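Since the structure comes first, as structure tokens, the remarks are kept for the end.
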Amino acid sequence: MNESLRMVVVLAVIAMVSAGILSMVYGTTSVIIEENQARALESSVFEVLPGTTRVEILRRNPDELGVDDPREMREEEQKTTLIYQGLDDQDRILGYAFVGEANGYGGVIRVLVGVAEDTDAILSIKVLSHTETPGLGDRIEGEDFRGRFVGKTTADPIKVAQDIDGLSGATVSSTAVADAVRESFIEVSALYRGGE
Amino acid sequence: MVLWKDFVRGLWDENPTFRLVIGLCPTLAVTTSAVNGLSMGLATAFVLICSSALISILKRIIPDKVRIPAYIIVIATFVTIVDLVMHAYMPDLHSVLGLFIPLIVVNCIVLGRAEAFASKNSVMRSAVDGLGMGLGFTWALTLLGAIRELLGSGSLFGYSFVADGASTLGIMTLPPGGFITLGILMAVMNMISDRLKKKAS
Amino acid sequence: MTLFTILLSALLVNNFVLVRFLGICPFMGVSKDVDSAIGMGLATTFVMVVAAAVTWLIQWFILEPLGLPFLQTLSFILVIAAMVQLVEMFLHKTSPALYRAMGIFLPLITTNCAILGFAIMGVQNSYSFIENVVFGLGAGLGFTLALVLMAGIREDLRFADIPKPLRGVGIAFIIAGLLSLAFGGFAGLV
């Protein structure tokens, strides 16, 4: 056989076998990965909406707010387009939670915001993921900083240097969290309130 | 006997971290705790054993000119498998090691062993060589992680030794601590092997 | 996030070598004299900028639409390896002077984890095309900066009286630690 032809054939065969094996592994693991992620988010919802025993998922969609199976959605889509409704053991709606994103100092910061059904004010927020500097920007995870958002409603500005005290030495991170909270809050609140 | 020699070579004489000084990025980046170091080491060892064995099997089939791309494909396949499996079954660990799992592909140890050893030796010897190198890498990472965790967070394998709120050398878990710890460890390893050589002679 | 912030962040604040621990192998291997440090740094920067463009196109026009995210690692590393080859051939043909200066470093670049690392990071940050290229430029220049600083210090180190076990890589790591500590001062800059 021609030598250069042989090179191409061998490489192509190796690449094809490898792609085949990987798609098989991906097929089995992706289901588990998505389930894990959905479960992790659900348990975070329990945290930001105290008293919740059951979570129902609504889709953040301009047209309709319907119950949806997150497993059918792509991972990225899942993180930002769902609204989680927290219900207590008597099936009363306690509040709703949603994910907001903004670019911080080292990358994307993702926060989960929990809002009370009755007062429409923030109950608590949780930083889901970030890549901020250890020792400085990562203080956005702390209870002290997260507490500064409690009780805010869409009527508040929710801006650093206005009604939120930024962390000294971590202005970019603080601003990003405030932006993520504010923007997602306004968007979701309009949908959620309008959709009822 | 040959197999035994192949195995121990990676543990000390040609230890990837302390002797060959390769594969340094994960060595420094993930060793903020002993557990992280251990898991990263084992993940790399798995890739090393599998890719060394497979490359040794394929060594006659792969034309010489395209061997590097072919090795890279084989290695990248195993790395992606590790990445996916870890993501599915060990999500917490996966999020800590993060970027450094896919980066096993460019870990010079893996490609280096494929080129220098697996492409010339039998399957069995290549796998054993991979095992030795992998474990050599693992113990180096675990040791580094343990030192940094002990000084930086006052704990070892997650068990805390200091009272809550006691101040620890936080810098040890940050990047500068990683560099400095590894530098000092290198010096200690050099001293030990100098002593051993003197004793032998 | 403005382009300038991305550049500054990749260059200084999150310096690839000293803060993110990417590209340590060439950082230790090719930092013995300033001239080769500059050559290696610029060659890497060049490949990074090109890789930023190519990997961005692959991710958002091939892998995402076809639902093949699991082939990311495989395709990125192959593309980087192929690109390094092309750059090498291109330089060889067009600019022999540049080839002589950078040529020996090019094969080393394939296994520089800073390149694969920054390509994957660019995807994770979902940068736009322009942002990704700027990110690549910042990462490359940051790598060059760290490499040249290190080489400058190591050149002077030849005359220092270092305890025997620390000689070679040992002292280099400790210097890198001090440099990394200094770069910690950039935190909060942006």
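Order of the sequence lines sets the chain letters (A, B, ...), proteins ahead of strands, with each chain counted from 1. Small disclaimer: the values here were computed from a predicted structure and weren't measured.
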Problem - Derivation of the side chain to side chain donor-acceptor pair (under 3.5 Å) call for B:R19 and B:S193 - result: CA-CA 10 Å; B:R19 291 267 146 247; B:S193 81; 2.8 Å; yes

Problem - B:K59 (side chain) donor-acceptor with B:L54 (main chain) under 3.5 angstrom - result: no

Practice task
Keeping the roles fixed (side chain from A:R110, backbone from A:L128), state whether a donor-acceptor pair exists under 3.5 Å.
Solution key: no

Practice task
Among B:I62, B:V66, B:L58, single out the residue with the greatest number of heavy-atom pairs under 4.5 Å to chain A.
Solution key: B:V66

Completion exercise
Counting heavy-atom pairs under 4.5 Å with chain A, the top scorer among B:T77, B:D64, B:V85 is B:T77

Handout entry: Heavy-atom pairs under 4.5 Å with chain A, option from B:I61, B:I73, B:L84 with the top count
Key = B:L84

Problem - Which of A:L22, A:I32, A:V17, A:V10 touches chain B most, by non-hydrogen pairs under 4.5 Å - result: A:L22

Exercise for the section: Tell me, for A:I21 versus chain B, whether the close heavy atoms (under 4.5 Å) come from the side chain, the backbone, both or neither. Expected result: side chain

Problem - Option in A:V8, A:V25, A:T28, A:L11 with maximal non-hydrogen atom pairs under 4.5 Å from chain B - result: A:L11

Handout entry: Under 3.5 Å donor-acceptor, A:R182 side chain and A:I158 backbone
Key = yes

Exercise for the section: Using modelled atom types only, decide if a donor and an acceptor are shared between the side chain of A:R146 and the backbone of A:E141 within a distance under 3.5 Å. Expected result: yes

